[in-house]
J.: 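Sharing a structure, written as structure tokens. Questions coming.
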Amino acid sequence: MSTLTKFSAIPYTGPAPTNREPYVPANVAQTDARGEEIAAKISNNALQQERGQDMPSFSVDRNAIVDVLTSLRNSGFTIPLDLFGVDYPRRSGGRFDVVYQLYSPQANERVRLKVRVAEDESIPSSVGVFKGYDWYERETFDMFGVKFEGHPNLRRILCHEMFQGHALRKDYDPAQRWLLTEQGVAKLLPKIDPKFENVDTDFERVTLNLGPSHPATHGTLRIVVTLDGETIIGADTEIGYLHRCFEKMAETHTYQQVIPFTDRLNYCSAIINNVGYCMTIEKMLGIEAPARAQHIRLMLSEFMRISDHIICIGTNLVDMGALTNFWYLFQPREEILGLVESCCGARLLPTYTRVGGMAVDAPADFLANSQRLVNMLPKFIDDVEKLIMKNRIFLDRVIGVCPISQEDALSYGFTGPCLRATGVPYDVRKASPYLGYETYDWDVPIADGGDTYARFLVRLEEMRQSLRILQQAIDRGLPPGPVIVDNPYVALPPKERVYNEMESLIYHFKLIMHGIQPPVGEAYFQVEGGNGELGFYVVSDGTKNPYRVRVRPPCFPIFEAYPQMITGQTIPDAIAGLGSLNIIAGELDH
Amino acid sequence: MPAQKIEHPDSIIPRKAGVAPGEGPEKGLITLPGETSREAEDLAGGTYLTTKLDTMVNWARGNSLWPLPFGTACCAIEFMSMVSSHYDVARFGAEVVRFSPRQADLMIVAGTIVDKMGPVLKKIYDQMPEPKYVLAMGACATSGGFYRVYHVMQGIDEVIPVDIWVPGCPPTPDGLMYGILKLKDKIERGEIKRG
Ligand code: SF4
């Protein structure tokens with residue numbers, strides 16, 4: 001074991017962990033009432049209602065968590081959204097909160113469960129209830145050291161094998177690195193699927209390693225497969241090759257400083273991440289961005305979604321040998337990035353939003369340029385569709401390839417295009433509209449089959465639906481007014497006032513030095529990212545640094561299901577399937 | 001941005017038509033077939049050049065870099081923009097993207113390298129045949145960028161040597177191209193001598 005300290009450690013600048021009473025916003029009564037109904041249905045003594053701020057919230061005894069999750073699942077909460085820890089080192093009666101969040105597509109509502117656990121205690125594993133919780137539990141173990149009893153494979157997931165300690169604990173020094181040497185790298189041996197265990201073919205069994213630097217992985221995924229002839233009979237994946245510690249970084253920065261980090265989660269559609277994070281903080285503060293800012297956010301989000309799908313479709317086709325589409329589709333994508341650049345000066349990772357609005361106003365020709373783009377994009381989408389959808393080679397390579405059933409997709413916690421390709425019409429923009437999506441006329445495309453072909457169809461159609469929204473948004477025009485709230489505790493006063501007025505100067509100084517200070521409490525907010533539900537869960541202790549920022553990356557459960565999806569397929573099919581899942585490593589590894 | 005003019009006595013002087021070696025102010029000119037009436041004549045007709053072998057080889061290397069994109073994060077997306085239609089790095093002879101380290105001579109490290117990736121990066125670098133060059137693209141590959149944290153390598157020069165650093169987060173495609181041109185200059189000047 002050796003440590004590597006090339007730079008002096010950054011001391012933890014955040015506030016001392018506190019246990020103040022949670023702050024209770026106005027809408028609590030409503031969620032409390034709904035919480036009682038749910039509690040009555042579940043009727044488990046271990047379930048204690050808490051004052052949930054934004055969704056019904058319960059604290060659960062750790063030994064009963066599996067029962068509670070099972071009954072919640074049976075009463076409609078079929079999507080496991082998230083599972084993560086929060087550390088309160090000085091709290092008596094259990095240092096960690098392990099938080100479970102579930103979603104019910106039928107009732108369109110969410111629920112949050114909290115389990116308190118001390119350092120030496122463990123929680124029964126809920127992998128048997130939701131398949132998706134396998135990786136989440138590993139992640140909680142990796143980051144906090146919480147043990148899950150009965151977990152089939154409880155080892156580190158994001159940090160490397162020679163890492164010591166648990167990084168998201170409050171007493172872990174953010175700058176403490178550990179060296180991984182070549183000898184330390186663990187060998188992966190995939191488990192052979194029981195279906196194939198006793199099948200005797202004439203072929204030898206070979207184990208093959210793809211990645212983490214492999215052309216088809218578009219990033220940093222590592223897949224190990226065991227082959228019998230050409231058939232994959234067992235697969236395993238390893239992630240964490242891009243674990244950039246977003247959550248720890250967020251704790252050592254102020255609320256505003258976290259925004260650039262969110263850009264780099266899903267870097268193909270950065271503005272959507274900005275919007276999601278800023279809206280979470282706005283929700284905590286109880287403010288709303290001005291109408292003009294919301295309009296710009298909505299339009300750029302839709303452009304980003306198109307650009308995200310373009311990258312997914314383009315690179316996926318490259319993997320299948322159809323290079324033309326890639327060259328062709330990147331042209332409109334450059335134009336989209338050009339539009340973003342005209343707004344704020346940066347192309348790919350713009351950091352354009354601020355808490356409470358936008359950094360700067362959109363340029364005068366914003367609508368005209370958007371209109372030009374909206375006019376030109378359909379031709380590109382149609383052309384690509386014509387190029388591939390009647391192409392026998394393409395169809396043979398995608399139809400029935402890497403399928404996932406609706407039931408499994410739900411159990412893993414899929415959201416976004418991959419879930420809609422299995423026939424579940426869940427889209428955050430429809431289910432819990434934000435930015436005024438409910439006022440636009442558009443549809444949620446779904447497909448069935450859940451295979452690579454279905455995912456292609458959904459993505460192509462989604463681009464068209466985004467164009468529909470954009471056309472309506474352009475027709476409505478940008479509402480007049482400012483782009484950021486007029487609140488000196490949230491937004492910096494304009495520069496000319498800072499230079500001329502004492503009061504503004506003080507506000508400016510205060511905001512830079514002390515940051516935004518949301519009231520004590522917690523909030524979860526979700527937006528529809530390029531890959532599905534992108535959620536941020538933020539805990540504030542009333543100081544300038546977030547106490548905890550949790551991001552729910554939509555790729556995480558999707559990639560978790562990948563080994564299951566490729567078992568029984570061949571390597572070329574696995575590659576085609578991987579591209580269609582659009583795994584973005586920055587988001588996957590936090 | 002225009003291509004850099006090479007101003008070094010050893011470099012190949014821009015070709016001029018129809019002047020035989022020794023006749024013009026510079027010695028060792030290239031005259032290509034079809035450019036002169038003396039084209040069909042013997043060597044003195046101008047279809048040869050004199051230069052140092054090293055210069056010739058460096059010139060060739062600098063103009064046909066085969067990049068291996070070691071793309072891990074956001075910078076890799078900008079790398080994609082650079083090779084694809086709009087920016088088109090083919091103009092500078094570096095469009096033959098190879099994903100196999102055995103076939104490449106320029107490693108473009110585009111993106112954050114975390115400690116878990118360190119051994120992989122080292123291994124891939126070792127697999128590249130000489131001569132090889134490394135371009136660190138973006139703040140992360142250069143210094144860890146704004147990720148001063150427990151799992152991020154603070155610059156890839158912790159494990160492999162670097163020839164060119166390109167600043168930016170992410171560098172724009174033009175910025176990356178500028179980096180490649182700078183590397184080309186460096187190679188042509190014979191500044192990089194390894195292997
Ligand atoms: S330098 Fe910036 S853009 Fe490049 S990989 Fe690092 S964070 Fe991403």
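Just so we're on the same page: letters track the sequence lines, and every chain starts at 1.
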J.: What part of A:Phe326 is in contact with chain B, defined as an atom under 4.5 angstrom from a non-hydrogen atom: side chain, backbone, both or neither?
T.: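 The side chain, not the backbone.
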J.: Please identify, among A:Glu161, A:Glu335, A:Lys248, the residue contributing the most non-hydrogen atom pairs under 4.5 Å to chain B.
T.: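 Highest number of heavy-atom pairs under 4.5 Å: A:Lys248.
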J.: Under 4.5 Å heavy-atom distance to chain B, tell me which part of A:Ile239 shows up: side chain, backbone, both or neither.
T.: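 Only the backbone of A:Ile239 comes within 4.5 Å of chain B.
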J.: If you count heavy-atom pairs within less than 4.5 Å of chain B, which of A:Glu182, A:Glu334, A:Arg244 leads?
T.: A:Arg244
J.: Please walk me through it: do B:Phe146 and A:Arg264 pass side chain to side chain contact (heavy atoms under 4.5 Å, CB included)?
T.: CA-CA 11 Å; B:Phe146 67 175; A:Arg264 286 146 182 88; 3.4 Å; yes
J.: Kindly determine whether A:Met249 and B:Val152 satisfy side chain to side chain contact (heavy atoms under 4.5 Å, CB included), including the steps that lead there.
T.: CA-CA 11 Å; A:Met249 285 270 87; B:Val152 178; over 6 Å; no
J.: Is B:Phe70 in contact with chain A via its backbone, its side chain, both, or neither, using a 4.5 Å heavy-atom distance?
T.: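 When you check distances to chain A, only side chain atoms of B:Phe70 fall under 4.5 Å.
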J.: Which residue out of A:Gly314, A:Ala270, A:Cys159 racks up the most heavy-atom pairs below 4.5 Å with chain B?
T.: A:Cys159
J.: Measuring heavy-atom distances to chain B, does A:Glu238 have an atom under 4.5 Å in its side chain, in its backbone, in both, or in neither?
T.: side chain
J.: Under 4.5 Å from any heavy atom of chain B, what part of A:Ile311 do you find: side chain, backbone, both or neither?
T.: side chain
J.: Heavy-atom pairs under 4.5 Å with chain B - which of A:Cys245, A:Ala346, A:Cys268 has more of them than the others?
T.: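 Top count of heavy-atom pairs under 4.5 Å with chain B: A:Cys245.
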J.: Where do A:Arg222 and B:Val120 land on the side chain to side chain contact (heavy atoms under 4.5 Å, CB included) test, with the steps shown first?
T.: CA-CA 11 Å; A:Arg222 179 168 166 217; B:Val120 182; over 6 Å; no
J.: Measure up the B:His151 and A:His160 rings against each other and bin them: parallel (under 30°), tilted (30 to 60°), perpendicular (over 60°).
T.: parallel
J.: Looking at residues at least two apart in the chain, or sitting in another chain, which of them share a salt bridge (charged side-chain N to carboxylate O under 4.0 Å, His left out) with A:Asp383?
T.: A:Lys379, A:Lys386
J.: When you look at B:Lys116 and A:Phe163, which way does the side chain to side chain contact (heavy atoms under 4.5 Å, CB included) test go after all the steps?
T.: CA-CA 9 Å; B:Lys116 198 171 187 172; A:Phe163 198 87; over 6 Å; no
J.: Is the count of non-hydrogen atoms from other residues, nucleotides or ligands lying under 6.0 Å from B:Lys186 atom NZ greater than 12?
T.: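 More than 12 heavy atoms, drawn from other residues, nucleotides or ligands, come within 6.0 Å of this atom.
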J.: So, taking the atom named CD in B:Glu78 and the one named CG in A:Leu337, what distance separates them when rounded to the nearest 0.5 Å?
T.: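 If we round to the nearest 0.5 Å, B:Glu78:CD and A:Leu337:CG are 6.5 Å apart.
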J.: Are A:His243 and B:Tyr150, when compared by the centres of their aromatic rings, separated by less than 6.0 Å?
T.: yes
J.: Between A:Leu349 and B:Pro170, what is the shortest heavy-atom contact and its length?
T.: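 Shortest heavy-atom contact: CD1-CD, 3.6 Å.
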J.: How long is the straight-line distance from CG of A:Asp263 back to SG of B:Cys74, given to the nearest 0.5 Å?
T.: 8.5 Å
J.: What's the separation between atom CG in B:Asp88 and atom CH2 in A:Trp327, rounded to the nearest 0.5 Å?
T.: 7.5 Å
